[in-house]
Amino acid sequence: MALVALLALGACAEITPSSGASGLADSGNEVGQGQIDTHRDLPSSHSAYLIGLVAQNQHDFADSLAFYQAALAQDPTNGEIAGHLFVLAIVNGKLDMANKLTEPLLAANPSAPLVNLLAIVEDIKAGRLDEARAAAARLPRQDVYRVTGALTRAWLAAGKPAGAEPSLQELEAVRGFGEIASLHRALILDQAGDRPGAEAAYRSALGEGAPVRVVQLVANFLTREGKPDEAAALYPKYLGATEAELGFPLPNGAVPAPLVPDTATGVAEALFDLGNLMNGADAPNLALLNARLALELKPDFPEARIVLAQAFEAVKRPDLAREIYASLDPATTLGWTARLRIAALKQQDGDGDGARADLNALAAQRPDRPEPLVELGNSLSADKRYPQAIAAYDQAFGRIKDPDTANWWGLYYTRGTAYERARNWPKAETDLRKALALEPNQPSVMNYLGYSMVDRGDRLPEALKLIKGAVSQRPDDGYIVDSLGWAYYRLGDYKNAETTLEHAVELKPADAEINAHLGDAYWQGGRRDEARLQWQRALGLNPEPDLAKAIEAKLDKPPARAPSGRAKPAKHAAEAEPAPHGGT
């Protein structure tokens, strides 16, 4: 996906006016948790602004909002402060506060992208489509707004599909966005009543790996067109399970309503798509903004809530993510999925027992679905209860009709890692090789299998080839680069081991095991003082007990050959990339 290349420097910089603006101080009062009294005991404007910046950088959104508001109260014509406050108001879901800033911000900088985007949303809500089109025309045609602008201009083309086509073609010119352009062409033609044109565009939007939402939209159309069997066949084809198994039952003989019936829901769908892509492109701050704006146009949009929660997870705010997940109706499919994420967040917070209680309840509630049992296995693995984790993974396999498909490589992978950590290498190797057969050249599997073989001194040339294949796909992954360096070490190629492990330490400087590996390579290469420094550094990085004991022994009495102790393969694979679930 070419989205990463489109991402701009940051929303705050994009909307900050180039000069002061008047009328900015009346930005609302209630700011929720973290609110400060803006009428007494105010810090100076500069101090409040700096505190707000620190809070924003730490993703403390409520406090950041409060201090920006206090700073603006002290300096009401400061456009830079107003720009930050505008962004934080949207992130906090306080669109009324942001709206009060829109007019003066646009007066100071008419081309401010995010301000214009909020203006489009509010104009559509109020039925002011001419004003919305004018704001859409002001959106820039570069960076991420090249995509946002093309989609909003297409949806605002006065209800005439021909008028939308230039904007859709503009979007198609962006590498990687052809299928999204086809999807929105289909939705616009569908809304306009062009059934043949819509059907052709829907089919074009499916591509090879269509996500759940696209499958839903196409299935909805085909069902309305009297093709329910063809609609039902999309789910197993693209998602690996029937619509009933996934919790998306098609209406039994009834004709469903269109999922995107008007311009407002069309623009909301576009903003949802962009937010989802930005999460995937590691741009969660922009995902937050797009999800909030999508929900402003379509408050009952659970898919956008999922995107919002995922973005909060990505910026290390699991408390806010859990709040959003909990807001979804647990009786719905997405609500059930959200409860899986709540359980995973409990595990991350150290509440393994609470997570497992939730997962067992979900597994009992949906005895046809393997996902709760997969997550149960992951929870048990995280707490190093590997035999129990293997049993949970076995139960998950028992719920899958056809596990020998590419959709389920991840389950073989996670069970294989559990077997390896339980010291059952024959079964571990069988599962890992099965995962690789189902998903050839998968870098996490190649790395884990290769690293485990290196750690055992088993078939080192093959292990080296596997790890090199993983590195070629993820050259900036410190754990995988460390695997390659350790393979060179085990092969006795200490020169390449030193160079490769130095790069691994650059990529992951705070990892104890990687630093210990580099110390081993230095020792074997004759760099004894540097080796001791690396081992001491590794001891200061909170190594696991077994690794710490091995390092201390080497510092006390360095051996002729100095392996760093048994590796922690969880860091080298499973924790770096959680295994996917088939069909979700």
Asks: With the side chain counted from C-beta on, respond yes when Met278 and Leu288 share a heavy-atom pair under 4.5 Å apart, and no when they do not.
Replies: no

Asks: Apply side-chain hydrogen bond (donor to acceptor under 3.5 Å, both in side chains) to Tyr325 and Glu313, showing your working.
Replies: CA-CA 11 Å; Tyr325 286 132; Glu313 283 195 62; 2.6 Å; yes

Asks: So among Leu466, Leu484, Asp482, which one has a side-chain contact (heavy atoms from CB on, under 4.5 Å) with Tyr451?
Replies: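 It is Asp482, the one option of Leu466, Leu484, Asp482 that forms the side-chain contact (heavy atoms from CB on, under 4.5 Å) with Tyr451.
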
Asks: Tell me whether Asp546 is salt-bridged to Lys549, with the criterion being a basic N under 4.0 Å from an acidic carboxylate O.
Replies: no

Asks: Quick check: closest heavy atoms across Val481 and Leu507, and the distance to 0.1 Å?
Replies: CG2-CD1, 3.8 Å

Asks: Distance check, rounded to the nearest 0.5 Å: Leu541 atom CG versus Asp511 atom CG?
Replies: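 Between Leu541 CG and Asp511 CG, I get 8.0 Å after rounding to 0.5 Å.
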
Asks: Hey, are Arg213 and Asp273 close enough for a salt bridge, meaning a charged N less than 4.0 Å from a carboxylate O?
Replies: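 Salt bridge flag = no for Asp273 with Arg213.
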
Asks: Compare all side-chain heavy atoms of Trp523 with those of Arg532 and state whether any distance is below 4.5 angstrom.
Replies: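 Yes, close enough: below the 4.5 Å cut-off.
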
Asks: For the residue pair Ile551 and Ala538, what are the closest heavy atoms and their distance?
Replies: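 It is CD1-CB, 3.8 Å.
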
Asks: Determine the minimum heavy-atom distance between Asn92 and Phe61, stating which atoms define it.
Replies: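 The pair with the smallest heavy-atom distance is ND2-O, 3.2 Å.
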
Asks: If I compare all heavy atoms of Ala355 with all of Ala343, which pair ends up nearest, and what's the gap?
Replies: CB-O, 3.2 Å

Asks: What verdict does the side chain to side chain contact (heavy atoms under 4.5 Å, CB included) test give for Lys346 and Asp349, after you've listed the backbone C-alpha separation in whole Å, the side-chain angles of each residue and the deciding distance to 0.1 Å?
Replies: CA-CA 5 Å; Lys346 285 184 179 181; Asp349 198 36; 5.6 Å; no

Asks: Give a yes or no on whether the ring-centroid distance for Trp486 and Tyr489 is below 6.0 angstrom.
Replies: yes

Asks: Just wondering, do Asp329 and Leu334 contact through their side chains at under 4.5 Å, heavy atoms?
Replies: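 Leu334 vs Asp329: side chains apart.
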
Asks: Work out which heavy atom in Pro284 is nearest to a heavy atom in Asn279; give both atom names and the distance.
Replies: CA-OD1, 3.9 Å

Asks: With distance as the sole test, does Thr337 use its side chain to make a donor-acceptor pair with the main-chain N or O of Thr333 at under 3.5 Å?
Replies: yes

Asks: Is a side-chain N or O of Ser381 found less than 3.5 angstrom from the main chain of Asn378, in a donor-acceptor match?
Replies: no

Asks: May I ask you to decide if Arg369's main-chain N or O and Arg399's side chain share a donor-acceptor pair within less than 3.5 Å?
Replies: yes

Asks: Report, as yes or no, whether the 6.0 Å neighbourhood of atom CG on Asp529 holds more than 12 heavy atoms from other residues, nucleotides or ligands.
Replies: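 No - once you tally the heavy atoms of other residues, nucleotides and ligands closer than 6.0 Å, there are 12 at most.
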
Asks: Please test Glu80 against Tyr49 for side chain to side chain contact (heavy atoms under 4.5 Å, CB included), starting from the C-alpha separation and ending with a verdict.
Replies: CA-CA 10 Å; Glu80 184 175 359; Tyr49 171 65; 2.8 Å; yes

Asks: Do Val212 and Tyr238 touch side chain to side chain, with heavy atoms closer than 4.5 Å?
Replies: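 In short, these two side chains do not touch, never coming nearer than 4.5 Å.
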
Asks: Ion pair present between Glu429 and Arg456, side-chain N to carboxylate O less than 4.0 angstrom?
Replies: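 No, no charged N to carboxylate O under 4.0 Å.
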
Asks: Quick check: does any side chain N or O of Asp431 sit under 3.5 Å from a backbone N or O of Thr414, one acting as donor and the other as acceptor?
Replies: no

Asks: Determine whether Leu114 and Tyr145 make a side-chain contact, defined as any pair of heavy atoms from C-beta on separated by less than 4.5 Å.
Replies: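 Yes. Closest side-chain heavy atoms under 4.5 Å.
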
Asks: Identify the two heavy atoms, one from Trp336 and one from Pro372, that lie closest to each other, and give their separation to 0.1 Å.
Replies: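 Looks like CZ2-CG, 3.5 Å.
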
Asks: Take Thr405 and Leu438 through the side chain to side chain contact (heavy atoms under 4.5 Å, CB included) test and state the conclusion after the steps.
Replies: CA-CA 6 Å; Thr405 65; Leu438 293 175; 5.7 Å; no

Asks: If you define the side chain from C-beta out and look only at heavy atoms, does anything of Arg356 sit under 4.5 Å from Asp383?
Replies: yes

Asks: Taking C-beta and beyond as the side chain, do Leu432 and Thr430 meet within less than 4.5 Å on heavy atoms?
Replies: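 The answer is no; the side chains never approach within 4.5 Å.
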
Asks: Got a donor-acceptor contact below 3.5 angstrom from the Ser64 side chain to the Asp60 backbone?
Replies: no

Asks: Has Thr499 got a side-chain atom pairing as donor or acceptor with Asn496's backbone, closer than 3.5 angstrom?
Replies: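 Between the backbone of Asn496 and the side chain of Thr499 there is no qualifying donor-acceptor contact (under 3.5 Å).
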
Asks: Can you sort out the partners of Phe272 under ring-ring contact (aromatic ring centres under 6.0 Å, His included), two or more places apart, ordered by chain and number?
Replies: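 Scan of Phe272 (ring-ring contact (aromatic ring centres under 6.0 Å, His included), adjacent residues dropped) gives Phe301.
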
Asks: Could I get the full list of salt bridge (Lys or Arg N to Asp or Glu O under 4.0 Å) partners for Arg317, not counting sequence neighbours?
Replies: Asp319

Asks: When you look at Ile400 and Leu411, which way does the side chain to side chain contact (heavy atoms under 4.5 Å, CB included) test go after all the steps?
Replies: CA-CA 11 Å; Ile400 302 169; Leu411 187 49; 3.6 Å; yes

Asks: Evaluate the side-chain hydrogen bond (donor to acceptor under 3.5 Å, both in side chains) criterion for residues Tyr479 and Glu513: first the C-alpha distance (whole Å), next the side-chain angles of each, then the deciding distance (0.1 Å), finally the verdict.
Replies: CA-CA 10 Å; Tyr479 298 125; Glu513 185 181 16; over 6 Å; no

Asks: Given 3.5 Å as the limit, does a donor-acceptor pair link the side chain of Thr500 with the main chain of Ala497, or not?
Replies: no

